[in-house]
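First the structure, in the form of structure tokens, and then the observations on it.
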Protein chains: 2
Amino acid sequence: MELFAEHGFEATTVAGIAERAGVTERTFFRYFADKREVLFAGEQHLEAVFVSAIAGAPADAPLTDLLVAALDAGGAALQDMRGREFARARNEIIGANEQLQERELLKLAKLSHSVASALVERGIADVPARLAGDLVVSVFSTAFARWVAADETRDLVELQRQGLTAINTLVRTETG
Amino acid sequence: MELFAEHGFEATTVAGIAERAGVTERTFFRYFADKREVLFAGEQHLEAVFVSAIAGAPADAPLTDLLVAALDAGGAALQDMRGREFARARNEIIGANEQLQERELLKLAKLSHSVASALVERGIADVPARLAGDLVVSVFSTAFARWVAADETRDLVELQRQGLTAINTLVRTETG
DNA sequence: CCTAGTGATGTCAGTGTCTGACATCAATGA
DNA sequence: TCATTGATGTCAGACACTGACATCACTAGG
């Protein structure tokens with residue numbers, strides 16, 4: 001993180017990271033699949049939180065409640081993980097490099113897929129489940145982008161709730 | 001495409017592609033930013049179709065109509081571009097490789113961003129515009145996945161309409 | 001106390017992607 | 001006729017990543 005913040009992602013070599021960590025390049029690649037993956041370790045934990053929230057909801061909970069539960073749990077977990085300042089620093093690094101954005105999008109796509117699977121487990125049909133998975137990820141990442149914005153002080157969970165409301169009115173209009 | 005289909009993306013070297021094309025490796029990289037980009041040329045055209053549909057809609061069109069217009073235009077354009085069989089072949093290659101999926105997700109994220117910008121141009125507020133951009137992309141890619149499925153024969157535009165309907169009922173339930 | 005095995009790390013050689021610098025060569029236009 | 005321009009080739013090199021093998025500390029069993 002220090003090296004990335006100082007010289008940028010591309011200008012930082014794996015040799016440099018390994019040296020700073022006191023290991024060889026080969027050892028680095030035994031811990032991380034590739035150079036980008038350093039910034040995405042522990043991502044599967046967040047995914048588990050989303051999924052657990054859905055799987056652990058009361059049996060009679062309507063779809064809405066499942067999505068809200070997943071977002072609340074996920075948002076809270078992310079906030080507790082390493083704090084907003086860490087998230088800001090990490091986000092700036094990722095925002096400056098397309099390779100990293102690609103990786104982040106892949107992680108989010110997997111999150112969407114996991115959420116969809118969890119919903120299918122609860123009897124939701126395939127297509128609505130996929131769309132709901134995307135919706136959850138959309139609300140999550142839009143709220144996250146706002147959460148790490150320079151002047152923002154509000155809670156991530158609160159911002160997610162606002163996002164859900166926005167989608168509601170957005171689609172409500174849609175009925176005409 | 002032939003080489004990728006035959007040996008897979010990773011096993012195909014740029015040297016091999018260049019040779020097949022009758023040029024040198026260096027020339028390949030003057031036409032494509034990297035090896036993956038070969039499969040994503042002409043993507044900006046599709047993006048333009050989505051944006052034009054929004055920008056060109058009647059001044060008094062409600063948000064719903066803008067999203068439907070964008071999806072109809074984009075779906076139709078994609079269908080007319082190179083046909084379903086080509087899309088299937090391309091999709092299979094991409095589905096077999098995570099690097100290519102990452103690139104595709106990046107392209108879709110850019111599409112979402114463009115759609116959101118086009119909506120902002122029409123006076124939609126920032127957050128709803130972003131969410132609507134994601135929604136359009138979600139409906140588009142979910143419908144696309146179904147469109148290229150093995151036994152599917154329905155129209156892409158029709159599948160997108162179904163997706164929109166699904167989101168409607170999905171969020172309608174949400175009101176309680 | 002010895003020893004065989006196990007896991008983490010180092011070493012090394014090699015492949016493949018991608019880039020910068022420079023050379024070549026054909027087409028174009030004054 | 002000649003300078004210019006654009007496309008391509010040539011070459012060397014940086015860097016990411018991998019497979020194969022060596023080393024070495026630690027541990028369990030005799």
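Every chain is numbered from 1, with letters handed out A, B, ... down the list of sequences. Values below: every heavy atom of this structure, side chains too, minus hydrogens, waters and symmetry copies.
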Inset, instruction - For the pair Arg84(B) (side chain) and Thr153(B) (backbone), establish whether a donor and an acceptor sit closer than 3.5 Å, ignoring hydrogens and angles. - result: yes
Legend entry - Sidechain N-carboxylate O distance under 4.0 Å for Lys110(A), Glu43(A): no
Inset, instruction - Check step by step if salt bridge (Lys or Arg N to Asp or Glu O under 4.0 Å) holds for Lys107(A) and Glu104(A). - result: CA-CA 5 Å; Lys107(A) 299 292 183 182; Glu104(A) 180 162 68; over 6 Å; no
Inset, instruction - Tell me, please, which residues at least two apart from Leu100(B) pass side chain to side chain contact (heavy atoms under 4.5 Å, CB included). - result: Phe9(B), Arg36(B), Leu39(B), Phe40(B), Ile93(B), Ile94(B), Asn97(B)
Inset, instruction - Quickly work out the Asp34(A) CG to dC18(C) P distance and round it to whole Å. - result: 14 Å
Inset, instruction - Scan residues 91-100 of chain A against DNA chain D and write down, sorted by residue number, each residue with any heavy atom closer than 4.0 Å; if none is found, say none. - result: none
Inset, instruction - Output yes when Glu158(A) and Arg146(A) qualify as a salt bridge under the 4.0 Å nitrogen-oxygen rule, no when they do not. - result: no
Legend entry - Evaluation steps, side chain to side chain donor-acceptor pair (under 3.5 Å), between Ser117(A) and Ser114(A): CA-CA 5 Å; Ser117(A) 296; Ser114(A) 296; over 6 Å; no
Legend entry - Per-nucleotide protein contact string for nucleotides 7-16 of chain C, where B marks a base within reach and S marks sugar-phosphate only (heavy atoms under 4.0 Å, - for neither): -SBBB-----
Legend entry - Under-4.0 Å salt bridge between Arg130(B) and Asp126(B): yes
Inset, instruction - For Ala41(B) and Arg82(B), work out which heavy atoms get closest and say how close. - result: O-NH2, 4.0 Å
Inset, instruction - Rounded to the nearest angstrom, tell me the gap between atom CZ in Phe29(B) and atom P in dA7(D). - result: 19 Å
